[in-house]
Structure formats: structure tokens, C-alpha cells
Chemist: 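Just dropping this structure here.
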Amino acid sequence: MQINVIEYFEKGALLKCKEKVAVKDPSGEYTFAQIERFAKNCAALLLKRSDLIRRPVPVFLSKSAHNIIADLGILYSGNAYANLDIKLPPLRIKGMLENLNPEIIVTSAAHVAALRALGIAEEKLLLVEQVMVAETVYDTAALLKRLNAIIDTDPYCIIHTSGSTGVPKGVGLNHRNTIDFADWAFERLNLDGSEVMGSLAPIYFDAYTLEFCLMLAKGATWIVVPDHLTAFPIKLVEFVAAQPVNFIFWVPTIMVNIANQDLLTKTKLDRLKKVFFIGEVFPTKHLNYWRRHLPD
């Protein structure tokens, strides 16, 4: 029986398609082999700083390949990632960090000043630039041996609520419920790794969990859709049309906007094979618009 989400990666993408492109973002492309090296470097450097285990490790990064590397590295270290929204007001971010009470925060050089302004000491920061290096600083056998101490009900990640009551709440997911959900989705939705995901979900949103597990387990490719395109539906559709995207997992609000502007008539999304949505009701009128334009 699978115990740890890391097993998806070790028995999935790393065995089946190590040299395939795993992630594409505005900075470039990264293969699964590169992601493995950087993530395991991250784990080794985390553990060099502190022998923490089963602890939340905040990730303060813009959505990019850096996030995948940080989250995977934290899991390899036996801890739980907590992706934060860097666009939130500083006081709200400070409250989340106080709640998490972290020993280490994974971030990048671009965000050091913002974290310093929140009173975070620099010695608590691990920069993603430090792990994305050519040399190997980890021992795979030692990392995997460490994971033998993890049980399936140990924490996998922390997702924060929107804070509509004034204070965001940290909700913990464990490895077991994440694996159960992902395995159900793989089978029920016929996900096999041929997917090229046009990822629009924020990394602190639960839709990211399925995208992340699908990439690790099946070798699907994760393409980051630039955040600013959500405000310009025509640019968003044009971006997807220009990429080899064949899978999207979006919120209906964005898809309703595309339908209202009749953008699927103007720009064909011929590569799309699977279209999923989450988070709110999809009005029948707009759902049927998508079904007419993507009958297959």
C-alpha cells in the first residue's frame, strides 16, 4: 500500500519519463530529472539547517517551476508544504506565518525584503536559487530512508482558507486522503500522463493538488498560465491555443467569461481533450456553450 505522495514520483515519472519536460513557465522548461535534482537538493539543505520532520514549511514564491521544486523538496524532507499567496496584505501573511510557526521558509531572493519587513530573520530563509544548482548535494538513499518514518496520516500540506471571517484558517491534508483522492481521479477521469496541463489555479488552491500529483505519478506536463491573463479572457484563450495544452482544470467564472465573449468561435482550441472545473456552480447555459464548441 502506498504511504507517501513521494512514491508517486519515485515509482511514476522518474521511472517512466525522466527526460520528459515536467514544467514549463516563463523562465524556461525543466525535465523531471532536473526537478528531481533540485527538489532533493532542497530537501538536503532543509535538513542541514534543522532536523525537522512532520512540520509545516511555508513556501513564499510566485507561481512557477520554483513552487514545484520547493513543494517536492519539502515532501522529500519528511515535512508538509504550505504555499502562501504572496499578494495578500502583509498583516494577513504575518498572521499565517505566526500560525505555522516555521523553523524555515522557502522563498527566493526577490522576496527576501518583503519577508524581512514582516520581521522574519534571514537565517530562517532557504532561497530556491541555492537549490537550483548543477551539483548534487543530496543522498537519495538517505532521503528515502528518512521517509520510512512517515505514516500515511502524517501531514502532506497546509491550505489556508480565504479568511472571509477576518482570519485565514490553516487546513491540513495528510498523505492518505491526498492519495485516495488522486487515485480516484486518475481512474475515474481517465488520466494517464498524456495530459499537458494549462495551469491557472493558484498554488495555494486545492485544484493544484491534483495537477501536482498527476505530474508526479503519471508524467503529465505542467504549463504555467501567467496570472495576469485571467483579466483578459481573449489573451488567455490565445495563450492556450498557442501552447500544446490538452487539459485544463479551471474555475467556472473564467470559463463563463470566455463563453459570454464568444471567444471559442474566434479562437479554436483544437488540442483540448479534457476540460474540468471546480469550486463553484457552472451555469448550464455557459457549460453547453463549451460543450458545443468542444464536442469531443
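Given the structure is predicted, the values throughout are model-derived calculations rather than measurements.
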Chemist: Of Lys63, Lys87, Lys235, which meets salt bridge (charged side-chain N to carboxylate O under 4.0 Å, His left out) against Asp227?
Modeler: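 Result: among Lys63, Lys87, Lys235, Lys87 is the only option passing the salt bridge (charged side-chain N to carboxylate O under 4.0 Å, His left out) with Asp227.
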Chemist: In the structure I gave you, are the side-chain heavy atoms of Leu191 and Phe276 within less than 4.5 Å of one another anywhere?
Modeler: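 They are in side-chain contact.
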Chemist: Between the main-chain N or O of Ile203 and the side-chain N or O of Asn83, is there a donor-acceptor pair closer than 3.5 Å?
Modeler: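 Judged by distance alone, yes, a pair lies under 3.5 Å.
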Chemist: So, Glu129 side chain and Ala109 main chain: donor-acceptor pair closer than 3.5 Å or not?
Modeler: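 Yes; judged by distance alone, with no hydrogens or angles, the pair exists.
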Chemist: Is the backbone of Val251 close enough, under 3.5 Å, to the side chain of Glu280 for a donor and an acceptor to pair up by distance?
Modeler: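 No.
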Chemist: Between Gln243 and Lys24, do the side chains contain an N or O donor and an N or O acceptor separated by less than 3.5 Å?
Modeler: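 Short answer, yes.
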Chemist: Measuring from atom OG of Ser77 to atom CG of Asp51, what distance do you get when rounded to the nearest 0.5 angstrom?
Modeler: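 Ser77 atom OG to Asp51 atom CG measures 10.0 Å (nearest 0.5 Å).
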Chemist: If I compare all heavy atoms of Ile278 with all of Pro252, which pair ends up nearest, and what's the gap?
Modeler: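 Minimum heavy-atom contact is O-CD, 3.3 Å.
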Chemist: Check whether Lys20 reaches the backbone of Gly219 with its side chain - one donor and one acceptor, N or O, closer than 3.5 Å.
Modeler: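 It does hold such a pair.
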Chemist: If you measure only the distance, is there a donor-acceptor pair under 3.5 Å linking the side chains of Tyr208 and Asn67?
Modeler: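 There is no such pair between these side chains.
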Chemist: Within a strict 4.5 Å, meaning less than it, do heavy atoms of the Pro168 and Tyr204 side chains meet?
Modeler: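 A side-chain contact is absent here, since even the closest heavy-atom pair is not under 4.5 Å.
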Chemist: One thing to verify: whether Asp139 and Arg146 come together as a salt bridge, which I'm taking to mean a side-chain N less than 4.0 angstrom from a carboxylate O.
Modeler: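 Here Arg146 does not pair with Asp139 in a salt bridge, since their nearest N and O are not under 4.0 Å apart.
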Chemist: Any heavy-atom pair between the side chains of Gln2 and Tyr8 that's under 4.5 Å?
Modeler: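 In short, these two side chains touch, coming nearer than 4.5 Å.
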Chemist: Whether the Tyr76 and Glu10 side chains hold a donor-acceptor pair (N or O, under 3.5 Å, no angle test) is what I'd like checked.
Modeler: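 Yes, a side-chain donor-acceptor pair sits under 3.5 Å.
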Chemist: I'd like to know if Lys18 and Glu36 make a salt bridge, using a cut-off of under 4.0 Å between side-chain N and carboxylate O.
Modeler: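 The answer is yes: the pair qualifies as a salt bridge.
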Chemist: Indicate the atoms forming the closest heavy-atom contact of Val245 with Arg271, along with that distance.
Modeler: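 Residues Val245 and Arg271, closest heavy atoms: O-CB, 3.4 Å.
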Chemist: Answer yes if Val256 and Phe232 sit in the same cluster of Ile, Leu, Val, Met, Phe, Trp and Tyr residues linked by side chain heavy atoms under 4.5 Å apart, and no otherwise.
Modeler: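 Not linked; separate clusters.
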Chemist: Is there a donor in the side chain of Asp154 and an acceptor in the side chain of His175, or the other way round, less than 3.5 Å apart?
Modeler: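 No - no donor-acceptor pair under 3.5 Å links their side chains.
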Chemist: Kindly indicate whether the side chain of Val57, heavy atoms from C-beta on, has any atom under 4.5 Å from the side chain of Leu52.
Modeler: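 A side-chain contact under 4.5 Å exists here.
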Chemist: When you measure from the side chain of Asp270 to the backbone N and O of Lys268, does any donor-acceptor pair fall under 3.5 Å?
Modeler: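 Such a contact is absent between Asp270 side chain and Lys268 backbone.
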Chemist: So, for Gly78 and Ile150, which heavy atoms are closest and what is the spacing to 0.1 Å?
Modeler: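 Looks like O-CD1, 3.5 Å.
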Chemist: Is it the case that atom NZ in Lys48 sees more than 12 heavy atoms from other parts of the structure closer than 6.0 Å?
Modeler: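 No - once you tally the heavy atoms of other residues, nucleotides and ligands closer than 6.0 Å, there are 12 at most.
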Chemist: Taking the side chain as everything from C-beta on, heavy atoms only, tell me whether Tyr289 gets closer than 4.5 Å to His293.
Modeler: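 Yes; the side chains approach each other to less than 4.5 Å.
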Chemist: Linking I/L/V/M/F/W/Y whenever their side-chain heavy atoms sit closer than 4.5 Å, directly or via other members, would Leu236 and Leu263 fall into one cluster?
Modeler: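 Yes: a chain of side-chain contacts under 4.5 Å links Leu236 to Leu263.
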Chemist: Consider only side-chain N and O atoms of Tyr30 and Asp25, and report whether a donor and an acceptor are under 3.5 Å apart.
Modeler: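 No pair is found: no donor N or O on one side chain lies under 3.5 Å from an acceptor on the other.
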Chemist: Is there a donor-acceptor pair under 3.5 Å between the side chain of Thr267 and the backbone N or O of Glu238?
Modeler: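 Flag not set: sc Thr267 to bb Glu238 has no pair under 3.5 Å.
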Chemist: Is the backbone of Val196 close enough, under 3.5 Å, to the side chain of Asn246 for a donor and an acceptor to pair up by distance?
Modeler: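 Such a contact is found between Asn246 side chain and Val196 backbone.
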Chemist: Using atom types as modelled and distance alone, determine if a side-chain donor or acceptor of Glu211 lies under 3.5 Å from a backbone N or O of Ala207.
Modeler: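 No.
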Chemist: Please check: side-chain N/O of Asp183 versus main-chain N/O of Asp180, any donor-acceptor pairing under 3.5 Å?
Modeler: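 No; judged by distance alone, with no hydrogens or angles, the pair does not exist.
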Chemist: Using modelled atom types and a 3.5 Å cut-off, is there a donor and acceptor pairing between side-chain atoms of Arg176 and backbone atoms of Asn4?
Modeler: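 Not confirmed, Arg176 side chain does not pair with Asn4 backbone.
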Chemist: Does Val275 reach the side chain of Met255, with side-chain heavy atoms less than 4.5 Å apart?
Modeler: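 Yes, their side chains come closer than 4.5 Å.
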Chemist: Are any non-hydrogen side-chain atoms of Leu118 and Ile93 less than 4.5 angstrom apart?
Modeler: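 The answer is yes; the side chains approach within 4.5 Å.
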